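Okay, structure first, notes after.
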Amino acid sequence: MSDRPQPQPGILEIAAYVPGRSTAGPGVKVTKLSSNESPLGASPKAIAAAEAAIAGGLEIYPEGSSRLLREALGEVHGLDPARIVCGNGSDDILHLLAQAYLGEGDEAVMSQFGFSVYPIVTRAAGAQIVMAPEADYTADVDAILAAVTERTQMVFLANPNNPTGTYISEAELDRLHAGLREDILLVVDSAYAEYVTAADYAVGAALVERAKNVVMVRTFSKMGLAALRIGWMYGPPEIVDALNRIRGPFNVNLPAQLAGAAAARDTEFTEALRLHNARWRDWLTAALSSNALRVVQSQANFVMVLFPDEEGRRARDAFAALLDQGLVVREIGVYGIGNGLRISIGSEAAMRAVVDVLKGFGAPGERP
Ligand SMILES: *Cc1c(COP(=O)(O)O)cnc(C)c1O
């Protein structure tokens, strides 16, 4: 017997999630480019809705199923609101999925550089994570399918992926699904869907409609509402039912529900974000790419920059040089990419400032 309470097996083997840094040196004005947040703020309509919700009083529990938010999402995305579950961020949804569908002895497959929350939720549920190697920083469908064993119960795919920014096409997603047993749950995390410009991309909703073992997970965090914590899932009725049984009964607060509904309907704002992002993602990619720096083609609201030395010394030096100027980007050594940095797409001024610093590391700078 232990002399104190002990967590479940595996919990203490979990490395806690490392959030993007938000500080620089004393007196240095910080430009945060480390968590893929919106450089244009949020939809003014969403802010107004949150303010109105607070002004209306906070003493009453919110409607527990986030009905108004689900209806707005259904309307905007052409989905059945009854098949949507909302969460306190999509992290909440990912935890619920793992809790409901994974247990001791089970395995969850994810790709090598996949989002770092998947191992956390998997181990928290008592299951094991199995990593499938990637092909040039891109999820490899054949490798994922080859990693499946009889113990596999879940496959996580962030599409596009964080921290690499790469994606797989609709045809590849369909091929992945077609290669999985029917009892394996495929979790398609489309956190960056709003930023994708590739014509052969699919968010995953059509696959959810065709299949019994696929869910699509989405978030408002990358669209200006990270502080409110709003995520959602679209899935088969049976999976929706399972999650509704175990989720917190009031897991999305009232200001978040109403702001989320307003943000979903403000498609003009979403489009403005997409356009800003596509423009500066292209610009930054061109201004950094050279023999000395590789920018991996991104479909998200960040780029991953790779420095030539595998030991990561130049990446660390670049991180420090950026930090000196208050430009806080993300080190991705925890993903096993010690020679890379992840840089969120920010304002024009921020992007120009990043390029100015990285000229010292071989970036060519703006091209005519
Ligand atoms: C940012 C991100 C999320 C969003 O998490 P929230 O809890 O909704 O803020 C989910 N998946 C991926 C791959 C992400 O990068």
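Please read these numbers as outputs of a predicted model, since none were measured by experiment. Counting convention: from 1, in listed order, for ligands and their atoms alike.
Distances shorter than 4.0 angstrom do not occur between any heavy atom of Gly231 and any atom of ligand 1. The shell of residues lying under 4.0 angstrom from ligand 1, judged by heavy atoms, excludes Asn36.
Those atoms of ligand 1 that come under 4.0 Å of a heavy atom in Gly89, given as number and element, are 7 (O), 8 (O). Residue Ala191 approaches ligand 1 through these ligand atoms, each under 4.0 Å from one of its heavy atoms: 2 (C), 3 (C), 10 (C), 11 (N), 12 (C), 14 (C). Against a heavy-atom cut-off of under 4.0 Å, Asp91 is close to the following atoms of ligand 1: 5 (O), 7 (O). Counting the atoms of ligand 1 from 1 in the order shown, those under 4.0 Å from a heavy atom of Ser221 are 6 (P), 8 (O), 9 (O). Near Lys222, the atoms of ligand 1 lying under 4.0 angstrom from a non-hydrogen atom of the residue are 1 (C), 2 (C), 3 (C), 4 (C), 14 (C), 15 (O).
Nearest protein neighbour of atom 7 (O) of ligand 1, counting heavy atoms only, is Arg229 NH2, 2.6 Å. Protein heavy atom in closest approach to atom 11 (N) of ligand 1: Asp189 OD2, 2.6 Å. In terms of protein heavy-atom proximity, atom 5 (O) of ligand 1 is nearest to Ser90 OG, 3.2 Å.
Residue-to-ligand polar distances keep Tyr118 apart from ligand 1: every N/O pair is separated by 3.5 Å or more.
Considering only heavy atoms from C-beta on, Val28 stays 4.5 Å or farther from Asp324 through its side chain.
A salt bridge links Glu194 with Arg218; the closest basic N to acidic carboxylate O contact falls under 4.0 Å. Checked for salt-bridge contact, Glu13 and Arg123 miss the test: no charged N lies under 4.0 Å from a carboxylate O.
Proximity of the aromatic rings of Phe156 and Phe115 is defined here by a centroid distance below 6.0 angstrom, and this criterion is not met.
The closest side-chain donor-acceptor pair between Tyr17 and Ser116, if any, does not fall under 3.5 angstrom. Counting only N and O atoms by type, the side chains of Arg70 and Ser65 include a donor and acceptor under 3.5 Å apart.
Pairs of residues two or more places apart, or lying in two chains, that qualify as ring pair (Phe, Tyr, Trp, His ring centres under 6.0 Å) and include a residue from residues 72-99 are His77-Trp232.
Note that the CG atom of Leu358 and the OG atom of Ser290 stand 10.0 Å from one another [nearest 0.5 Å].
Scanning Phe156, Phe220, Tyr192 for the heavy atom closest to atom 15 (O) of ligand 1 points to Tyr192.
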